[in-house]
Amino acid sequence: SEEVLPHSEILIRLQDESGALISPVEFIPAAERFGLMDDVDRWVIEQVVEHLHQRQLRGLPDKIYSVNLSGFTLGDPSLAGFVEKAIDRTGIDASLLHFEVTETAAIRHLDSAVQFMRLLNARGSRFYLDDFGSGLSSFSYLKELPVDYLKIDGSFVRTMVEEPTS
């Protein structure tokens, strides 16, 4: 039987000058509009890799962290090299670093998404197809994408108990 490790999804917030937290729905669209999402995603990846490295140095038990990637970052062909360098620099176990991509972003950037997933999957990282069913919902894309897990959109399961169709 495979060991089940604790797992956390990384969710970010922005802190304003007064210390109040700003929701991603408020700052992500601006970051996308001004071409900064790649920088945001890379910063998050660096922070998570460094956190994993510090856990390793302290001898703490293994824990999986999953990072959400935007479509902008997923379309960047240099992303895989960036992540591989971070893994190599720190020596972390890549199987503890997972990535979540939305169905829409993966399909929009299919070639680069598949290449990124295959390269990092070979290192041990795992992938989640997030919000499945909220986008184009074509099961034929599942054959193209080397994902390990599907996160089904909440709209499909929210009324499952009450509505027989769901």
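None of these values were measured; they are calculated from a predicted model. Starting from 1, each residue takes its place in the sequence as its number.
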**Message:** Atom NZ of residue position Lys85 - does it have more than 12 heavy atoms of other residues, nucleotides or ligands inside 6.0 Å?
**Reply:**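 No, not enclosed.
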**Prompt:** Of Glu9, Arg126, Glu100, which is the lone residue that meets side-chain hydrogen bond (donor to acceptor under 3.5 Å, both in side chains) with Ser66?
**Reply:**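 Among the candidates, only Glu100 passes.
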With rounding to the nearest 0.5 Å, note down the distance linking [atom1] in [X] to [atom2] in [Y].
X      : Y     : atom1 : atom2 : answer
Arg42  : Leu69 : CZ    : CG    : 10.5 Å
Ile22  : Arg13 : CD1   : CZ    : 11.5 Å
Asp62  : Ser95 : CG    : OG    : 7.0 Å
Thr73  : Glu32 : OG1   : CD    : 9.0 Å
Ser70  : Ile28 : OG    : CD1   : 7.5 Å
Phe116 : Leu79 : CZ    : CG    : 4.0 Å

**Request:** Look at the side-chain heavy atoms of Ile, Leu, Val, Met, Phe, Trp and Tyr, link any pair under 4.5 Å apart, and say whether Ile12 and Leu14 land in one connected group.
**Result:**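 As far as the 4.5 Å side-chain criterion goes, Leu14 and Ile12 are connected within one cluster.
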Any side-chain heavy atom of [X] within less than 4.5 Å of one from [Y]?
X      : Y      : result
Leu119 : Arg123 : no
Asn68  : Leu11  : yes
Leu74  : Asp41  : no
Val101 : His109 : no

**Item:** Stepwise side chain to side chain contact (heavy atoms under 4.5 Å, CB included) test for Asp76 and Phe82
**Value:** CA-CA 10 Å; Asp76 181 349; Phe82 172 82; over 6 Å; no
**Asked** Where does the angle between the aromatic ring planes of Phe99 and Phe127 fall among parallel (under 30°), tilted (30 to 60°) and perpendicular (over 60°)?
**Response**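 Parallel.
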**Request:** Check Thr90, Leu97, Leu96 against Asp93 for a side chain to side chain contact (heavy atoms under 4.5 Å, CB included) and give me the one that passes.
**Result:**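 Going through Thr90, Leu97, Leu96 one by one, the side chain to side chain contact (heavy atoms under 4.5 Å, CB included) with Asp93 is satisfied by Leu96 alone.
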**Item:** Passing candidate, side chain to side chain contact (heavy atoms under 4.5 Å, CB included) with Ile92, options His51, Gln56, Arg55
**Value:**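 Among His51, Gln56, Arg55, the one that satisfies the side chain to side chain contact (heavy atoms under 4.5 Å, CB included) with Ile92 is Gln56.
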**With Gln54 via side-chain contact (heavy atoms from CB on, under 4.5 Å) - residues at least two apart** =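 Applying side-chain contact (heavy atoms from CB on, under 4.5 Å) to Gln54 gives Glu50, Leu57, Arg58.
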**Message:** Which residues pass the side-chain contact (heavy atoms from CB on, under 4.5 Å) test with Pro77, not counting sequence neighbours?
**Reply:**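 Not a single residue meets the side-chain contact (heavy atoms from CB on, under 4.5 Å) criterion with Pro77.
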**Asked** What's the shortest heavy-atom distance between Gly75 and Ser112, and which atoms?
**Response**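 Heavy-atom minimum between the residues: CA-OG, 3.4 Å.
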**Item:** Shortest non-hydrogen contact between Pro24 and Pro29, atoms and distance
**Value:**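 Answer, listing the atom of Pro24 first, then Pro29: O-CD, 3.7 Å.
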**Request:** Check the side chains of Arg108 and Thr102 for a donor-acceptor pair under 3.5 angstrom, ignoring hydrogens and angles.
**Result:**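 No - no donor-acceptor pair under 3.5 Å links their side chains.
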